[in-house]
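I have placed the structure first, in the form of structure tokens, so that the comments after it can refer back to it.
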Amino acid sequence: MKFKHLEIPALVLSLVAVNTCIPARAEAQAGKGRVKQSRGAKRAPEKSPAQMAKDQARLKGEIIKKAEEYKRNVKEVIALLEPEVKREALVIEKRRGLVAVGALAKQDLEKSEAALALTQAKLDAERKKIADTDTLIVEVRAEEQLAKMPPVPVGGYRMTSALIRYNGPFRWALSDSARVQSYFVSSFGRQLPISAYGQTAVHDRMGFDHSNSMDVAVHPDSTEGRMLMNYLRGAGIPFIAFRQAVPGSATGAHIHVGNPSRRIFR
């Protein structure tokens, strides 16, 4: 069964523009204006802060709209894959019975099991795209609040309705993640649900350096989330907890362990 290949819309790349591209364009225009002015030409008018803010809001809205459209497309693929997984699982169940009575070669069963594993992997990959896009939406929506937040001193803690920021003094490195994972396993008896470990293709597309950070797929307001944040604060490990994508929704909520992702300027 074949499915069309889906990619995150190119407009997601303009996430960098929410805080960087517009000022960069303004600076570039100003530089061009200086060149033209030296030649006797009129300098192009610069955008006002109000106009720049309006452009930023428009770009953010477009990114979220495209991200939601992307999610709808991925869900269509998921809707096709889910019944396929169920159908292949039923085939395997029947073939196991036939193998048990000697009516079917074991190799035929193994082929069916391999086919199911492949289809399941495709389904898991599509579901991961949904999760990654939800995380993107959360961070885009919270970008404005994070930018407006007063500077957080070392050891400082700030909280808003959308996010929680702790600027821990510990010099965090991704190699320290083992201690966080160990704490989580000992506290909750399951593996730390890491949704992004270091740099990922999604962060490349967004223009962020996430190479020294990891995202944990737990809601900050859940028992696990609160205990994890308490542990991180006790250890002095910096983090940003994104609480919600939209009011009243837990979709995409996560805890970003490490310092804020830096913009990648190209």
Side-chain angles (χ1 to χ4, degrees), residues 120-121 123-125 127-143 145-147 149-206 208-264:
Q120 184 64 58
L123 177 58
D124 292 342
R127 287 172 174 166
K128 180 66 165 55
K129 290 177 183 179
I130 295 290
D132 289 346
T133 307
D134 284 337
T135 298
L136 180 152
I137 292 172
V138 169
E139 297 192 3
V140 171
R141 289 186 182 277
E143 183 82 299
Q145 288 201 37
L146 189 61
M149 184 177 286
V152 181
V154 175
Y157 181 87
R158 296 280 189 276
M159 180 172 65
T160 72
S161 61
L163 58 88
I164 301 168
R165 169 85 191 279
Y166 171 62
N167 188 14
F170 180 73
R171 295 187 65 179
W172 165 264
L174 198 58
S175 57
D176 297 308
S177 62
R179 59 188 292 194
V180 181
Q181 296 183 58
S182 177
Y183 160 77
F184 197 89
V185 170
S186 64
S187 298
F188 304 107
R190 69 185 184 99
Q191 293 297 314
L192 184 70
I194 299 173
S195 58
Y197 186 85
Q199 193 71 7
T200 69
V202 172
H203 290 96
D204 283 339
R205 291 175 182 278
M206 291 195 300
F208 281 102
D209 179 3
H210 194 263
S211 59
N212 198 36
S213 304
M214 70 176 179
D215 293 336
V216 181
V218 296
H219 197 292
D221 296 326
S222 67
T223 299
E224 290 180 344
R226 290 194 299 270
M227 288 181 64
L228 177 59
M229 289 188 294
N230 286 338
Y231 166 77
L232 294 172
R233 289 187 70 181
I237 298 173
F239 68 84
I240 303 175
F242 295 90
R243 308 177 84 168
Q244 54 190 6
V246 293
S249 172
T251 303
H254 66 285
I255 298 175
H256 171 101
V257 182
N259 293 306
S261 298
R262 296 182 297 107
R263 301 286 186 173
I264 298 174

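Atoms considered below: every heavy atom in the structure, side chains included; atoms not considered: hydrogens, waters and symmetry mates. Throughout, residue positions are numbered sequentially from 1 according to the sequence presented.
- A perpendicular orientation is assigned to the rings of F242 and H256, their planes being inclined by more than 60° (bins at 30° and 60°).
- Rounding to the nearest 0.5 Å places OG of S177 at 8.5 Å from CG of L192.
- The side-chain heavy atoms of W172 and V180, taken from C-beta on, include a pair separated by under 4.5 Å.
- Environment of CZ in R190: crowded, with over 12 heavy atoms of neighbouring residues, nucleotides or ligands closer than 6.0 Å.
- Taking every heavy atom of both residues into account, V218 and E224 meet most closely at CG1-OE1, 3.8 Å.
- Across all non-hydrogen atoms, the minimal contact from H219 to A253 is CD2-CB, 3.5 Å.
- For the residue pair D209 and Q199, the shortest heavy atom distance occurs at C-OE1, 3.5 Å.
- Among all heavy-atom pairs drawn from F184 and Q191, the shortest one is CE2-O, 3.7 Å.
- Distance alone, capped at 3.5 Å, is enough to place a donor-acceptor pair between the R243 side chain and the T160 backbone.
- P260 has its side chain within reach of I240: a pair of non-hydrogen atoms, C-beta onward, lies under 4.5 Å apart.
- In this structure, CG on D221 lies 6.0 Å from CD1 on I164, to the nearest 0.5 angstrom.
- Closest approach of Y166 and I237 over heavy atoms only: CD2-O, 3.3 Å.
- Here the side chain of N259 pairs no donor or acceptor atom with the backbone of P238 at under 3.5 angstrom.
- To the nearest 0.5 Å, atom CZ of residue R158 and atom CG of residue N167 are 9.5 Å apart.
- Contact check for S213 versus L174: no side-chain heavy atoms found under the 4.5 Å cut-off.
- When only modelled atom types and interatomic distance are considered, D134 and H254 share no side-chain donor-acceptor pair under 3.5 Å.
- No side-chain heavy atom of L228 sits less than 4.5 Å from a side-chain heavy atom of F239.
- Contact detail for S195 and V216: the closest heavy-atom pair is OG-N, 4.3 Å.
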